[in-house]
*Asks:* 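Below: one structure in structure tokens.
FYI, side chains are in, hydrogens and waters are out, and symmetry mates aren't considered; it's all heavy atoms of this structure. Computed from a prediction, not measured in an experiment: that's the story for all the values here. Both ligands and their constituent atoms are indexed starting at 1 by order of listing. Sequence positions, counted from 1, serve as the residue numbers for this chain.
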Amino acid sequence: MSTIAITRAPSATLAQCQLSFVDPQAIDLALATAQHQDYCRALGELGCELLELPALDAQPDAVFVEDVALVLDHLAIMTRPGAPSRRPESPTIEAALRTFRPIVSIQAPGTLDGGDVLRIGNQIYVGLSARSNPEAIEQLRQLVAAEGYVVTAVAIRDCLHLKSAVTAVRDDTVLINPACVDREAFAAYRQIEVDPQEAHAANTVRIGDRLIYPAGFPRTAQRLQDAGINLRLVDVSELQKAEGAVTCCSLIFSRS
Ligand code: GLY
């Protein structure tokens, strides 16, 4: 069963992206594009079949494809992103997903960003953030309950999305920044904490038993390696200036 990764090249307007917890800095678009290409290469090396969508230049944040959809085993859910400027990103992603899954959508007044959704097995954790609200979480709960998923809302602080604060590195282990989310919310898992000097280091893409991990967090990378985890490092410095992280840049799911 193959693994699909949907990606989209950075927009020419990337510098006009939404920023919430990151100060504005000049973004080198050519470097961002090269870094994104290496990220796509990493997805391929780790076994993904890439579906690369063309850039949407009118939508500055469109490279962050994760936020507009949630792909589960039996269906895909279009999320209705919390930033209204991001909603026009949805139709092309929906068209791409239609080949693979039946589609349903979060309805107003619900808002949900995929970056707030962390799935570990049949557990779906959703960050209560400025982008994702309780109405959407309740809709999600009802959409997935019949398939046995358990949806849990999680409070976060001082970060954009839940997956800025915590991601899974194994079935039983999370990488967590306790400054942004309470450790108790993930008490069911072994926990690897980010290095306190690396505030944005909790976001990683897991594919099988390997991680795609940002090159800018060497102390946390060492902690992961010390735990026996194999990393494919990517330099995503320019995408981080746009408040993006490695999970944001792909939608990864099994073909069937
Ligand atoms: N710049 C990413 C976001 O705010 O959604």
*Asks:* Would you indicate which of His161, Glu66, Arg131, Arg86 comes nearest to atom 4 (O) of ligand 1 when only heavy atoms are counted?
*Replies:*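 Heavy atom nearest to atom 4 (O) of ligand 1 belongs to Arg131.
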*Asks:* Return yes when Gly244 approaches ligand 1 closer than 4.0 angstrom through a heavy atom, no otherwise.
*Replies:*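 Per 4.0 Å heavy-atom rule, Gly244 does not contact ligand 1.
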*Asks:* Would you mind checking if Glu94 and Arg98 are paired as a salt bridge, meaning a charged N to carboxylate O distance below 4.0 Å?
*Replies:* yes
*Asks:* Do Gln18 and Ser85 have side-chain atoms, one donor and one acceptor, less than 3.5 Å apart?
*Replies:*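 There is such a pair (donor and acceptor under 3.5 Å, judged by atom type) between the side chains of Gln18 and Ser85.
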*Asks:* For atom 2 (C) of ligand 1, what is the nearest protein heavy atom, given as residue, atom name and distance?
*Replies:*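 Protein heavy atom at minimum distance: Asp61 OD1, 3.2 Å.
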*Asks:* Ligand 1 and Ser20, any nitrogen or oxygen pair closer than 3.5 angstrom?
*Replies:* no
*Asks:* Is it true that Asp67 and Arg80 make a salt bridge, defined as a side-chain N closer than 4.0 Å to a carboxylate O?
*Replies:* no
*Asks:* May I ask you to identify, for Ala83, whether its side chain, its backbone, both or neither come under 4.0 Å of ligand 1 on a heavy-atom basis?
*Replies:* neither
*Asks:* Which ligand 1 atoms does Ala242 reach within 4.0 Å, using its non-hydrogen atoms?
*Replies:* 1 (N), 2 (C)
*Asks:* Determine whether the side chains of Tyr39 and Thr7 contain a donor N or O and an acceptor N or O closer than 3.5 Å.
*Replies:* no
*Asks:* Does one side chain, of Gln59 or Ser11, offer a donor that lies under 3.5 Å from an acceptor on the other?
*Replies:*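 No pair is found: no donor N or O on one side chain lies under 3.5 Å from an acceptor on the other.
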